[in-house]
Amino acid sequence: MILQLENSLRDALRRHLELHYAAAAGLEIVLETPPRAELGDFASPLCFELARVARRAPRVLAQEIQAALELPPGLDRLEIAGAGYLNFFLDRPALLRRLGFTAALFAQPPGADPLDALAAFPSAPPRPRYKAKVIVEHTNINPNKAAHIGHLRNAVLGDTLVRLLRRRGEQVEVQNYIDNTGVQVADVAAAFAHRGALGGDLPAPGQALESTRNARRGAFAAGELTPWPHFVPRRDSAPPRAACSFDYLCWDVYARISQRYQSDPDARPWRAAALHAIEAGEPPLAPEAHLIADAVVAAHLTTMARINVAYDVLPRESEILHLNFWARAFALLRQAGAIRLEASGKNAGCWVMERPGARIAAAGDASLEDVAAEASKVVVRSDGTVTYIGKDIAYQLWKFGLLGLELPCRRFRPDSAAPAVWMSAVEGEPDAPRFGHAAWVFNVIDSRQSDLQEIVIAGLRALGHEAAARQSRHFSYAMVALTPRCALELGYQLSPEDLARPHLEVSGRKGQGVKADDLLDRLIADSLAEVRQRHAGLGPEEQFALALPIAVGALRYFLLKFTRNTVIAFDFKDALSFEGETGPYVQYAAVRAGNILRKAAAEPGLAAELAAPFDRPAALDAFAADAGLWPLVRLAAGLEAQLEIALESLEPAHMAKYAFALAQNFNNFYHRFAVLGEPDAARRRLLLMLTALVRRQLAAVLALLGIETPRAM
RNA sequence: GGGCGCGUAGCUCAGUUGGACUAGAGCAUCGGCCUUCUAAGCCGAGGGUCGCAGGUUCGAAUCCUGCCGCGCCUACCA
């Protein structure tokens with residue numbers, strides 16, 4: 001609502017400047033929200049900027065503009081403040097009408113939840129910017145072990161980006177790339193293959209998978225676990241997650257084989273042999289590796305479903321290789337001269353690509369050859385196998401439809417409770433959608449890989465795909481690390497240097513890190529304990545249904561409130577908090593607003609009043625002029641404008657901050673105004689309409705963050 | 001060595017792309033508020049040389065330069 005007015009005001013200002021101030025050409029029209037509501041609804045410091053080029057005093061220019069500017073409809077007046085600020089005031093009663101303040105609130109069949117009626121209120125129409133398919137690639141967890149908090153940050157950021165884009169009306173395809181032929185899967189497959197030498201009582205992978213599955217099914221059938229996707233223990237007799245989760249089992253297997261490589265040089269060839277067997281499709285290791293990877297993928301999808309993250313398609317690396325995506329890309333790269341076969345130096349025998357913008361530094365003791373080698377990246381190893389860079393260039397080309405190949409797909413686990421998702425396959429199903437062919441691509445990958453992402457984009461450029469290179473975005477974010485305190489809490493041994501560090505990187509190889517499902521389980525246990533205290537009268541199922549969205553809300557908000565390039569130093573104390581700047585705080589505000597509305601709808605006299613439109617213009621004007629109430633209206637109506645800022649800066653944290661600010665303002669309102677106790681009927685009606693507006697916007701912004709609004713808290 | 005990022009209250013972080021007398025939140029600490037639409041809340045207090053030094057300009061936490069400190073990357077791993 002506000003966004004449309006803001007845009008029309010910006011257009012009016014631009015036209016006015018073009019017409020009257022030749023010097024203003026190319027000047028950006030900056031509109032911001034004034035620090036205090038009495039200063040107006042939009043402010044522009046453009047006269048200061050204009051003063052510089054027009055060589056006249058800002059205040060004089062402001063007065064000229066004030067006298068001559070024709071305000072677009074919906075705006076009431078323009079005031080000058082300070083040294084030359086332009087402060088614009090909305091036609092506030094008109095905005096209230098557009099926001100539905102005079103419409104009937106609850107005209108609906110009896111028995112329905114009155115809050116459902118809020119969906120009928122006007123909201124801004126979608127305004128897509130890209131006007132073409134957008135691919136967002138996220139999650140991308142190596143399918144060899146359970147997901148940890150670092151993976152959660154990726155998935156939550158990616159999923160929220162998708163939600164923001166879709167809300168703006170963009171056509172988005174969500175891809176989750178599965179590296180099922182890489183070193184990490186090979187390591188776990190090798191561990192199973194050498195389980196005799198590894199010691200312990202590890203069964204064959206198929207058997208291990210079957211036994212964890214049976215353990216889970218048995219516990220579920222016995223009523224000890226909640227249904228998919230959470231599988232949370234209902235009783236103390238329920239098996240721990242580690243006993244019935246194949247990805248947990250693999251977590252330990254991976255840690256064991258990694259340690260074995262460290263301590264036993266004789267074990268190291270296992271890895272290369274496994275990689276070779278997987279690539280050649282040799283049984284039994286290759287089919288076992290596929291079994292392991294697909295089972296772990298299924299576990300990851302379940303984990304992500306717990307926090308409302310879903311995908312459209314899962315392209316697997318095995319198809320990138322076997323369907324000759326790489327072979328095609330390799331031919332294209334050679335043809336274009338983008339890669340060359342190195343004849344000498346440390347990369348002799350490799351196909352390499354120049355690092356973009358690489359400069360030969362004046363190196364101290366490094367030889368010239370080494371310095372040159374550092375400026376180039378290996379795309380094909382001397383043994384003829386392709387590196388990540390090569391595969392990713394092929395994948396990126398396919399995303400843009402530039403490879404000339406289609407990716408056949410089959411339904412992944414169509415018989416499971418999970419939502420439908422497609423997975424690449426050598427032979428696809430005929431009714432599979434046509435994936436790829438996007439105009440914009442966002443790769444959600446942590447900032448440690450920004451170097452590689454730049455090289456991939458340089459690869460597109462080297463092939464002459466300038467537009468695709470420009471429209472490839474590395475949506476980067478900093479890693480999740482552990483505070484030393486948290487690492488100690490988890491029982492890890494730390495060196496004195498580690499203890500002094502601000503944060504510690506998690507190491508999957510050492511089996512270190514906080515597993516995603518463990519964290520969620522703790523959050524659910526904590527929120528369930530709260531719910532039991534507050535809603536002792538509810539049955540266990542209902543209590544659980546309330547506790548779930550609160551736990552998920554806490555987790556998603558925690559991961560979203562940090563801006564992307566802030567390293568999250570993970571600490572249980574902060575992550576498990578439900579107070580202050582948290583998801584549950586925002587949910588609580590929404591629930592409180594809903595409670596007022598439900599109570600209003602339950603009072604027969606009031607409900608009848610609310611079912612009719614509101615016709616008291618004088619009361620509406622007085623309400624619009626109330627300086628104590630307007631800031632909340634202004635803030636609540638600004639959702640779309642905030643969405644634009646969040647998308648412009650690709651910063652989901654901006655949306656999280658907005659959600660918190662709105663909740664905070666509403667909580668303040670909640671304490672200052674007794675809505676249902678308001679004696680003046682007309683004013684009570686308007687306070688209720690404001691409550692309805694805020695409830696609607698809070699639920700909407702929470703949904704954008706992938707957080708549900710619980711029915712009660 | 002080079003590249004990228006960071007340095008703001010005791011702690012964890014925001015800061016609308018250079019703007020508005022007083023740099024904002026949350027946590028922690030201290031003090032108040034439940035007979036009222038749920039206290040997962042509200043109100044208040046203390047706490048800051050925005051790493052340091054220069055520069056650019058009407059105006060700098062924000063831009064430029066140089067230092068200091070920290071993190072990540074700089075593999076024929078991804």
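All of these numbers come straight from a predicted model, not from anything done at the bench. Chain identifiers are assigned alphabetically (A, B, ...) following the order of the sequence lines, protein sequences preceding nucleic acid strands; residue numbering begins at 1 within each chain.
- Spacing between atom CD of A:E505 and atom P of B:C70 amounts to 17 Å, rounded to whole angstrom units.
- When the nearest nucleotides of RNA chain B are assigned to A:H503 and A:E648 by heavy-atom distance, the more 5′-ward of the two goes with A:E648.
- The side chain of A:N347 contributes an N or O atom lying less than 4.0 Å from OP1 or OP2 of B:C76.
- With hydrogens and angles disregarded, a donor-acceptor distance shorter than 3.5 Å links the side chain of A:R268 to the backbone of A:Q262.
- Between A:E317 and A:Y177, the side chains place a donor N or O and an acceptor N or O closer than 3.5 Å (distance only, hydrogens not considered).
- Counted by atom type alone, A:S376 and A:E354 present zero donor-acceptor pairs between their side chains at under 3.5 Å.
- Between the P atom of B:C37 and the CZ atom of A:R695 lies a distance of 18 Å, rounded to the nearest Å.
- Set against B:U16, B:A25, B:U74, the side chain of A:I645 has B:U16 as its closest nucleotide.
- Relative to the six-membered ring of A:F42, A:R634 meets both conditions, a distance below 6.0 Å and an angle of at most 45° to the axis.
- Within the 4.0 angstrom heavy-atom criterion, base atoms lie near A:V675.
- If you check B:G41, B:G26, B:A78 against the side chain of A:Y585, the one that comes closest is B:G41.
- A:A646 comes within 4.0 angstrom of no nucleic acid atom, judged by non-hydrogen atoms across all strands.
- Look at A:R534 and you'll find a side-chain N or O under 4.0 angstrom from OP1 or OP2 of B:A40.
- At a threshold of 4.0 angstrom between heavy atoms, the contacts of A:I550 include nucleobase atoms, whether or not backbone atoms are also involved.
- A cation-pi arrangement is not found for A:R153 relative to A:Y477, the charged atom failing to lie both closer than 6.0 Å to the ring centre and inside a 45° cone about the ring normal.
- The pairing partner recorded for B:C6 is B:G69, the criterion being a Watson-Crick or G-U wobble arrangement whose two distances lie under 3.5 angstrom.
- Atom CD in A:E354 sits roughly 18 Å away from atom P in B:U74 (whole-Å rounding).
- For the OP1/OP2 pair of B:A78 and a distance below 4.0 Å, the side-chain nitrogens and oxygens of A:Y388 include no atom meeting the criterion.
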Could you go through the salt bridge (charged side-chain N to carboxylate O under 4.0 Å, His left out) check for A:E530 and A:R532 one step at a time?
CA-CA 5 Å; A:E530 282 290 328; A:R532 281 190 183 127; over 6 Å; no
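- Residue A:F562 is classed as a sugar-phosphate contact, given heavy-atom separations below 4.0 Å to backbone atoms only.
- Phosphate contact (OP1/OP2 of B:C4, side-chain N/O of A:R448, threshold under 4.0 Å): absent.
- As the counterpart of B:U17, no nucleotide is assigned, since no Watson-Crick or G-U wobble pattern has both distances under 3.5 Å.
- We find that CD1 of A:I455 is positioned 11 Å from C1' of B:C73, with the value rounded to whole Å.
- In this structure, A:W351 has its ring center closer than 6.0 angstrom to the ring center of A:F330.
- Contacts of A:R598 with the nucleic acid, taken as non-hydrogen atoms under 4.0 Å apart, are absent.
- When the nucleotides B:C76, B:A78, B:U17 are ranked by their closest atom to the side chain of A:C350, B:C76 comes out on top.
- A:Y670 comes within 4.0 angstrom of a nucleotide base, judged by non-hydrogen atoms across all strands.
- Nucleotide B:G54 forms a Watson-Crick or G-U wobble pair with B:C64, both donor-acceptor distances falling under 3.5 Å.
- Within the 4.5 Å cutoff, the side chain of A:E6 has no heavy atoms near those of the A:E644 side chain.
- Going from the P atom of B:G1 to that of B:G66 covers 14 Å, rounded to whole Å.
- Among the protein residues, A:V531 comes within range of the nucleic acid bases, having at least one heavy atom under 4.0 Å from a base atom.
- Within 4.0 Å of A:T566, counting heavy atoms only, lie sugar-phosphate atoms of the nucleic acid but no base atom.
- Spacing between atom CG of A:N595 and atom P of B:A39 amounts to 10 Å, rounded to whole angstrom units.
- Nucleic acid contact class of A:P45 (heavy atoms, under 4.0 Å, all strands): base.
- There is no side-chain donor-acceptor pair under 3.5 Å between A:Q543 and A:H535.
- Among the atoms of the strands shown, none is found under 4.0 Å from any heavy atom of A:I568.
- Here the C1' atom of nucleotide B:U16 and the CE atom of A:M655 are 13 Å apart, to the nearest Å.
- The aromatic rings of A:F666 and A:F669 sit tilted, their planes meeting at an angle between 30° and 60°.
- Distance noted for atom C1' between B:C72 and B:A60: 28 Å (whole Å).
- Residue contacts for A:V352: at a heavy-atom cut-off of 4.0 Å it reaches no nucleic acid atom on any strand shown.
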Considering only nitrogen or oxygen atoms on both sides, find all protein atoms under 3.5 Å from nucleotides 20-24 of chain B and state each distance.
residue: B:A20; atom: N6; partner: A:N87; partner atom: OD1; Å: 3.2
residue: B:A20; atom: N1; partner: A:N87; partner atom: OD1; Å: 3.1
residue: B:A20; atom: N1; partner: A:N87; partner atom: ND2; Å: 3.2

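- Rounded to a whole angstrom, the distance from the C1' atom of B:U57 to that of B:C43 is 42 Å.
- Atom CZ in A:R532 sits roughly 18 Å away from atom P in B:A40 (whole-Å rounding).
- If you check every strand for non-hydrogen atoms under 4.0 Å, A:Q664 touches sugar and phosphate atoms only.
- A:N565 comes within 4.0 angstrom of sugar-phosphate atoms only, judged by non-hydrogen atoms across all strands, and of no base.
- When each of A:Q449, A:H138, A:Q453, A:H474 is paired with A:N443, the side-chain hydrogen bond (donor to acceptor under 3.5 Å, both in side chains) condition holds for A:Q453 and for no other.
- In this structure, A:Y395 has its ring center at least 6.0 angstrom away from the ring center of A:F325.
- Distance noted for atom P between B:C13 and B:A53: 25 Å (whole Å).
- The separation of B:G46 from B:G10, taken at their C1' atoms, amounts to 12 Å, rounded to a whole angstrom.
- Nucleic acid contact for A:H654: none, since no nucleic acid atom lies under 4.0 Å from a heavy atom of the residue.
- Across B:G15 and B:C58, the matching C1' atoms stand 23 Å from one another, rounded to whole Å.
- Here B:G47 sits opposite no nucleotide as a Watson-Crick or G-U wobble pair (both hydrogen-bonding atom distances under 3.5 Å).
- Across B:U56 and B:C63, the matching C1' atoms stand 8 Å from one another, rounded to whole Å.
- Base pairing of B:C37 is not made with any nucleotide, judged by Watson-Crick or G-U wobble geometry with both donor-acceptor distances under 3.5 Å.
- RNA chain B is contacted by both A:R564 and A:H535; A:R564 maps to the nucleotide lying nearer its 5′ end (nearest heavy atom per residue).
- Pair assignment for B:G1: B:U74, on the basis of Watson-Crick or G-U wobble contacts that are both within less than 3.5 Å.
- Looking at the side chain of A:D451, the nearest of the listed nucleotides B:A39, B:C73, B:A78 is B:C73.
- Contact annotation: side chain of A:S382 to base of B:C76, donor-acceptor pair present below 3.5 Å.
- Taking atom C1' in both B:G18 and B:U12, the straight-line distance is 27 Å, to the nearest Å.
- What separates CD of A:E651 from P of B:G15 is a distance of 7 Å, to the nearest Å.
- Picking from B:C37, B:U17, B:G71 the nucleotide with the shortest atom distance to the side chain of A:V30 gives B:U17.
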